[in-house]
Student: 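Please read through the structure below; I'll follow up with questions.
Heavy atoms only: backbone and side chains are in, while hydrogens, waters and symmetry mates are out. In the text below, chain A, chain B and the rest are named by the order of the sequence lines, each starting its count at 1.
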Number of protein chains: 2
Amino acid sequence: MRHRLKDVAERAGVSVKTVSNVVNGYLHVRPDTRARVEEAIAELNYRPNLSARNLRKGRTGVIALAVPELDIPYFAELARYVVTAAAEHGWTVLIDQTEGGPEQERKAAAGIGDHMIDGLIFSPLALTADDLSGLDGTPMVLLGERVDHGPADHVVVDNVAAAREITAHLIGLGRRRIAAIGSQRTPEGASARLRLAGYTAALAEAGIEYDEALVAPAPAWHRADGAAAMRELLSSGVRPDAVFCFNDTLALGALRALHEAGLRVPEDVAVAGFDDIEDGRFSIPTLTTVAPDKERIARLAVELLAGRIDGDREAPPRELAAPYRLALRESTTGRP
Amino acid sequence: MRHRLKDVAERAGVSVKTVSNVVNGYLHVRPDTRARVEEAIAELNYRPNLSARNLRKGRTGVIALAVPELDIPYFAELARYVVTAAAEHGWTVLIDQTEGGPEQERKAAAGIGDHMIDGLIFSPLALTADDLSGLDGTPMVLLGERVDHGPADHVVVDNVAAAREITAHLIGLGRRRIAAIGSQRTPEGASARLRLAGYTAALAEAGIEYDEALVAPAPAWHRADGAAAMRELLSSGVRPDAVFCFNDTLALGALRALHEAGLRVPEDVAVAGFDDIEDGRFSIPTLTTVAPDKERIARLAVELLAGRIDGDREAPPRELAAPYRLALRESTTGRP
DNA sequence: TCAGGTTTCTACAACGTTGTAAGCAACGTT
DNA sequence: AACGTTGCTTACAACGTTGTAGAAACCTGA
């Protein structure tokens with residue numbers, strides 16, 4: 001019960017192409033012909049076959065967004081903004097979960113179903129520049145960390161500066177034994193490295209000695225990892241008076257562990273995160289964090305991609321920076 | 001720089017169809033021919049054009065998942081399970097945000113890009129059975145609420161029974177002034193109606209009189225709405241000793257409002273939610289909730305859809321129930 | 001040796017759409 | 001009356017793939 005242009009054409013007594021013209025809003029169609037065609041379309045409940053249209057046009061109207069995990073609130077929030085921004089360009093977004101694994105990411109970068117998408121917005125964890133070269137095909141925009149000298153467009157947030165600022169905020173509160181949670185030595189840990197660099201820079205500026213015992217690794221950046229790392233820190237006896245967690249879910253886990261240990265936040269230990277996810281605005285206490293402008297990130301990414309898709313594919317890669325700000329809340333200031 | 005079967009065929013000195021046969025793993029290809037073709041494929045970095053394949057086969061290998069909002073953790077977690085289950089069937093999942101609006105939902109139900117997807121898993125808020133009739137095209141599976149006598153397959157969770165059980169749990173703790181947060185009068189409020197029905201049923205069973213002043217509406221089911229509703233309840237002077245929130249984000253908002261009001265959970269007010277999102281396992285206090293088996297829901301939905309796509313499209317609609325359990329945590333029991 | 005199969009490969013025709021080029025009116029201009 | 005212009009419509013040929021049908025080569029066993 002699926003109809004084609006041909007069926008509509010026969011019913012309306014015109015050529016297939018005329019129906020196509022009506023469907024595509026072509027100007028020079030006589031009003032009465034148009035009416036007849038539209039009637040036939042309605043009667044048959046005709047809808048164009050997108051596969052055929054795509055084949056003919058070489059465009060699918062679909063872009064992909066590849067993120068490590070959808071149930072990490074940061075990526076879910078980002079996804080929402082990307083969907084909105086893409087809709088304004090008439091694109092549908094195919095969301096792809098890479099699970100952060102190098103193999104999965106490579107597959108995503110290679111193009112999902114390849115000809116299935118017009119472009120790709122990609123938030124990589126494990127990939128390096130090498131993995132990305134040799135992708136002749138689909139236009140791509142990278143989010144987040146800079147893959148050095150990568151061949152693709154980028155939307156970056158200055159992780160080092162942001163981490164430095166929020167650490168400086170903790171120092172400004174008079175804290176001196178500031179722990180960090182979330183360090184990673186794996187190649188996936190690009191964000192971790194940058195945020196750690198910001199943290200150490202802030203310490204150095206304030207003349208506070210870097211103490212490795214205060215830096216806790218976290219294999220992933222989930223709540224459970226944050227809680228575990230915090231418990232580890234507490235039981236190791238290093239007695240921090242503040243913690244900078246490399247993302248908000250880690251921080252929420254840390255809050256939980258501190259609560260269980262009977263410590264007060266921020267009186268005993270101040271806690272800061274990174275990402276500004278919605279949970280942090282309602283947690284107890286509310287969470288001080290770095291708030292990257294997610295909407296801006298999404299919008300810039302979509303625009304860069306649009307530029308590639310419609311424009312010059314050989315132009316040198318562009319890099320746009322998205323702003324961030326500090327959101328100071330109860331977990332450091334004690335005030336909402 | 002994009003190659004077609006024809007290019008590979010020329011390079012390997014065989015026909016186009018032979019290359020196609022190699023690509024599709026057709027059996028009867030001589031090993032040396034196969035090798036030659038594979039070499040050519042590798043040299044040219046050939047990848048099939050999916051639009052063309054889809055056109056020819058009438059299948060796209062893509063199913064859509066339409067949910068109200070991706071940044072509601074419940075849906076994000078569900079999406080993840082759906083993606084996993086679909087991958088086992090070789091499908092890619094296109095995630096569509098309907099924003100819960102009737103118009104958007106109708107559009108989603110009508111099929112995203114129509115021929116673009118083989119099937120649709122749909123978690124409707126606003127749609128009724130009427131909106132769904134007249135969809136001859138794409139196979140569809142509905143999640144959650146029963147759209148009465150709807151024409152499509154369903155995966156349901158017994159909302160009434162679950163709500164009754166968790167309310168009974170609160171009653172079992174000795175609470176008598178049990179508030180409910182999340183009621184809705186709009187047509188979108190199907191879940192709300194069912195959960196409210198479970199709540200009142202439990203009260204009736206225990207011989208507790210239903211008090212309308214204890215039932216707080218919530219326009220949406222976000223944290224902010226839960227917090228607002230809780231503040232409203234507290235300031236209205238009804239003095240509840242327990243609250244059943246119709247989902248977890250509402251409950252997290254309520255926890256926040258109770259905290260701000262200086263009330264202890266669960267000593268002064270016990271709090272229960274619905275959905276078992278990850279946040280609730282780390283919140284302070286951790287959240288008692290109804291835990292629907294999301295993985296099961298996703299798996300059943302994908303299987304129902306597979307049945308429609310590969311099998312009999314005219315078979316009568318099926319309805320499968322997914323189990324749930326109560327997750328009792330600090331917010332009612334005081335113990336983790 | 002040959003009939004009858006099996007294996008291996010190919011030509012052709014779709015799938016449903018749109019760009020191109022061209023045809024045919026009807027019109028205004030010279 | 002001849003001409004170009006404009007508006008409307010159409011036939012045809014792609015887009016890149018795969019199913020069908022069949023040809024050619026190769027086996028097998030009598």
Side-chain angles (χ1 to χ4, degrees), chain A residues 1-41 44-62 90 111 113-118 137-138, chain B residues 1-41 44-62 90 111 113-118 137-138:
Chain A
M1 271 297 95
R2 193 116 264 191
H3 298 283
R4 307 155 300 167
L5 283 182
K6 190 159 169 258
D7 304 317
V8 180
E10 277 165 13
R11 186 164 192 114
V14 296
S15 80
V16 168
K17 189 65 220 284
T18 298
V19 182
S20 167
N21 285 338
V22 169
V23 170
N24 292 283
Y26 180 68
L27 281 176
H28 301 304
V29 179
R30 246 182 23 233
D32 61 319
T33 329
R34 181 183 298 275
R36 260 200 345 278
V37 171
E38 274 167 353
E39 194 178 346
I41 288 178
L44 296 178
N45 189 27
Y46 165 78
R47 312 277 188 66
N49 179 322
L50 292 194
S51 290
R53 181 178 282 176
N54 297 341
L55 172 60
R56 183 60 236 234
K57 294 210 179 188
R59 286 283 189 87
T60 64
V62 175
D114 229 304
H115 290 264
M116 198 89 162
I117 57 171
D118 294 341
T138 341
Chain B
M1 271 296 95
R2 193 116 263 189
H3 298 284
R4 306 154 302 165
L5 283 180
K6 191 158 170 257
D7 303 317
V8 180
E10 277 165 12
R11 187 164 192 117
V14 297
S15 80
V16 167
K17 189 64 220 285
T18 298
V19 181
S20 167
N21 285 338
V22 170
V23 170
N24 292 283
Y26 180 68
L27 280 175
H28 301 303
V29 178
R30 245 182 24 233
D32 60 319
T33 331
R34 182 183 298 276
R36 264 206 333 285
V37 170
E38 276 166 353
E39 194 178 346
I41 288 177
L44 296 179
N45 190 27
Y46 165 79
R47 311 275 190 68
N49 178 323
L50 291 194
S51 290
R53 181 178 282 176
N54 296 342
L55 172 60
R56 184 59 237 236
K57 294 209 175 187
R59 287 282 190 87
T60 65
V62 176
D114 229 303
H115 289 264
M116 198 89 161
I117 57 171
D118 294 340
T138 342

Student: Looking for any heavy atom pair under 4.0 Å, which part of the strands does Lys6(A) touch: base, sugar-phosphate only, or nothing?
Tutor: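 Since no nucleic acid heavy atom lies under 4.0 Å of Lys6(A), the category is nothing.
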Student: Counting only Watson-Crick pairs (N1-N3 plus N6-O4 or O6-N4) and G-U wobbles (N1-O2, O6-N3), all under 3.5 Å, who is the partner of dC15(D)?
Tutor: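 For dC15(D), the partner nucleotide comes out as dG16(C), under the 3.5 Å rule.
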Student: Can you see which heavy atom on Ala52(B) is nearest to which on Leu55(A), and at what distance?
Tutor: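 Result for this residue pair: CB-CD1, 3.7 Å.
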Student: Quick one: which of dT17(C), dC15(D), dT18(D) gets closest to the side chain of Arg53(A)?
Tutor: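 Nearest nucleotide to the side chain: dT17(C).
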Student: Students often get this wrong, so: under 4.0 angstrom with heavy atoms, is Asn21(B) touching a base, only sugar-phosphate, or nothing?
Tutor: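 It contacts base atoms.
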Student: Counting side-chain heavy atoms from C-beta on, which of dC9(C), dT17(C), dC15(C) comes nearest to Thr33(B)?
Tutor: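 Taking heavy atoms from C-beta onward, the closest nucleotide is dC9(C).
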Student: Quick one: which of dC9(C), dT17(D), dC8(D) gets closest to the side chain of Val29(B)?
Tutor: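 Nucleotide nearest to Val29(B)'s side chain: dC9(C).
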Student: Is there side-chain contact between Pro31(B) and Arg34(B), with at least one heavy-atom pair below 4.5 Å?
Tutor: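 They are not in side-chain contact.
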Student: Take atom NZ of Lys57(B) and atom P of dG16(D), then tell me their distance rounded to the nearest Å.
Tutor: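 Between P of dG16(D) and NZ of Lys57(B): 18 Å.
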Student: Quick one: Arg47(B) CZ to dG16(D) P, roughly how many Å, whole number?
Tutor: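 That distance rounds to 16 Å.
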Student: Give me the one residue out of Thr60(B), Thr138(B), Asn54(B) that meets side-chain hydrogen bond (donor to acceptor under 3.5 Å, both in side chains) with Asp118(B).
Tutor: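 That would be Thr60(B).
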Student: Heavy atoms, side chains only, cut-off 4.5 Å: are Thr18(A) and Tyr26(A) in contact?
Tutor: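 No, their side chains stay 4.5 Å or more apart.
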Student: What is the separation between atom CZ on Arg56(B) and atom C1' on dA13(C), rounded to the nearest whole Å?
Tutor: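 Rounding to the nearest Å, CZ of Arg56(B) and C1' of dA13(C) are 8 Å apart.
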Student: Whole angstrom is fine here: how far is it from NE2 in His3(B) over to C1' in dT17(D)?
Tutor: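 Interatomic distance, NE2 of His3(B) to C1' of dT17(D): 17 Å.
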Student: Check whether any side-chain nitrogen or oxygen of Ser15(A) sits under 4.0 Å from OP1 or OP2 of dT9(D), and answer yes or no.
Tutor: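 Indeed not, no polar side-chain atom of Ser15(A) lies that close.
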Student: Calculate the interatomic distance between Leu55(B) atom CG and dT18(D) atom P; express it in whole Å.
Tutor: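 Rounded to whole Å, this separation is 11 Å.
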Student: Before you tell me yes or no, could you show the steps for Asn24(A) and Arg53(A) under side chain to side chain contact (heavy atoms under 4.5 Å, CB included), namely the whole-Å CA-CA distance, both residues' side-chain angles and the distance that decides it to 0.1 Å?
Tutor: CA-CA 11 Å; Asn24(A) 292 283; Arg53(A) 181 178 282 176; 4.0 Å; yes
Student: On DNA chain C, nearest-nucleotide positions of Ala52(B) versus Pro31(B): which is more 5'?
Tutor: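 Its nearest nucleotide lies further toward 5', so the answer is Pro31(B).
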Student: Looking at Ser51(A), I'd like to know whether one of its side-chain N or O atoms comes within less than 4.0 Å of OP1 or OP2 on dT17(C).
Tutor: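 No, Ser51(A) has no side-chain N/O under 4.0 Å of OP1/OP2 on dT17(C).
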Student: Does a side-chain N or O from Arg4(B) land closer than 4.0 Å to OP1 or OP2 of dT17(D), or not?
Tutor: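 Indeed not, no polar side-chain atom of Arg4(B) lies that close.
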Student: Give the nucleotide from the list dA11(D), dT9(D), dT8(C) with an atom nearest to the side chain of Thr18(A).
Tutor: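 Shortest atom-to-atom distance from the side chain points to dT9(D).
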Student: In whole angstrom, give the distance that lies between atom CZ of Arg34(B) and atom P of dT7(C).
Tutor: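 Atom CZ in Arg34(B) sits about 14 Å away from atom P in dT7(C).
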Student: Compare side-chain N and O positions of Tyr26(B) against OP1 and OP2 of dT10(C) and report whether any pair is under 4.0 Å apart.
Tutor: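 Indeed not, no polar side-chain atom of Tyr26(B) lies that close.
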Student: Between C1' on dG16(C) and CG on Asn24(A), what's the gap in Å once rounded to a whole number?
Tutor: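 My rounded result for the distance is 13 Å.
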Student: Roughly how many Å is it from CZ in Arg36(A) to C1' in dT10(D), rounded to a whole number?
Tutor: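 My rounded result for the distance is 14 Å.
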